[in-house]
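Beneath this line is the structure, given in structure tokens, with notes to follow.
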Amino acid sequence: MQDPLGLFEEHFNKQVFRITFKFRDFQVVLLKKDLNKNMNEFQILLDGIVQKLIKKNGKWQFEHGEDPDLAEDIWRQIALRYRF
């Protein structure tokens, strides 16, 4: 089994976020260095699993389409941290 971070070594900036969503704690690690408010997709490591967040119709969601509220909360935390 390949280390998920090994795939993203050059982009991995070790920025870790902790998010509580519906009384459950999550750890999010950014896998992209050059974030900006105009981007439409980026990848994160969510509790050890690589996930892609995609912006559709002004809302953030996971590539698999589940838990759109969690995706929005993750983006909100990132936007606050980076002052977007």
Side-chain angles (χ1 to χ4, degrees):
M1 185 168 153
Q2 187 174 11
D3 175 25
L5 295 181
L7 298 171
F8 300 96
E9 270 184 280
E10 65 186 50
H11 300 293
F12 185 58
N13 70 356
K14 298 181 184 178
Q15 182 65 55
V16 178
F17 296 86
R18 297 194 189 280
I19 297 173
T20 301
F21 180 75
K22 294 185 179 179
F23 305 106
R24 190 167 165 219
D25 292 326
F26 295 93
Q27 180 175 329
V28 178
V29 179
L30 294 180
L31 298 178
K32 185 167 175 70
K33 275 198 239 184
D34 53 345
L35 295 175
N36 63 58
K37 65 180 178 180
N38 298 322
M39 56 198 229
N40 292 319
E41 65 180 47
F42 64 98
Q43 290 184 321
I44 61 171
L45 188 68
L46 178 62
D47 284 345
I49 300 171
V50 176
Q51 299 282 344
K52 184 182 275 189
L53 288 171
I54 300 173
K55 188 175 186 180
K56 289 185 181 176
N57 301 323
K59 298 277 186 178
W60 286 96
Q61 60 187 19
F62 290 107
E63 184 176 41
H64 53 70
E66 297 176 20
D67 297 322
D69 293 332
L70 176 58
E72 279 288 314
D73 277 0
I74 290 170
W75 174 253
R76 190 174 302 114
Q77 287 287 34
I78 292 169
L80 286 171
R81 175 76 54 95
Y82 286 96
R83 297 181 181 177
F84 292 149

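We use all heavy atoms of the structure for the numbers below, so side chains are in, but hydrogens, waters and symmetry mates are not.
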- [ ] Determine the minimum heavy-atom distance between W75 and M39, stating which atoms define it.
- [x] CZ3-CE, 4.3 Å
- [ ] Give the cluster check for V28 versus Y82: same hydrophobic cluster or not, with ILVMFWY residues linked at side-chain heavy-atom distances below 4.5 Å.
- [x] yes
Task: Inter-residue atom distance R81.CZ - L35.CG, 0.5 Å rounding - done: 11.5 Å
Open item on the list: Please find the pair of heavy atoms, one from W60 and one from A71, that lie closest to each other, and give the distance.
Closed with: O-CB, 3.6 Å
TODO: Kindly compute the distance separating CD1 (I44) from CG (L31), expressed to the nearest 0.5 Å.
DONE: 8.0 Å
- [ ] Output, in order, the C-alpha distance, side-chain angles, deciding distance and verdict of side-chain contact (heavy atoms from CB on, under 4.5 Å) for Q51 and H64.
- [x] CA-CA 9 Å; Q51 299 282 344; H64 53 70; 3.2 Å; yes
Open item on the list: Using every non-hydrogen atom in the two residues, find where E41 and K52 come nearest and quote the distance to one decimal.
Closed with: OE2-NZ, 3.4 Å
TODO: Test I74 against F62 for side-chain contact (heavy atoms from CB on, under 4.5 Å), laying out the working first.
DONE: CA-CA 10 Å; I74 290 170; F62 290 107; 3.9 Å; yes
Open item on the list: One pair to check against side-chain contact (heavy atoms from CB on, under 4.5 Å): L70 and F26. What are the steps and the verdict?
Closed with: CA-CA 10 Å; L70 176 58; F26 295 93; 4.1 Å; yes
Task: Atom pair CZ/CZ of F17 and R76 - distance to nearest 0.5 Å - done: 13.5 Å
Open item on the list: Check whether N36 reaches the backbone of N38 with its side chain - one donor and one acceptor, N or O, closer than 3.5 Å.
Closed with: yes
Open item on the list: Just verifying a value: how many Å separate I78 CD1 and I19 CD1, rounded to the nearest 0.5 Å?
Closed with: 6.5 Å
TODO: Examine L45 and V16 and state if one hydrophobic cluster contains both, with Ile, Leu, Val, Met, Phe, Trp and Tyr joined whenever side-chain heavy atoms are less than 4.5 Å apart.
DONE: yes
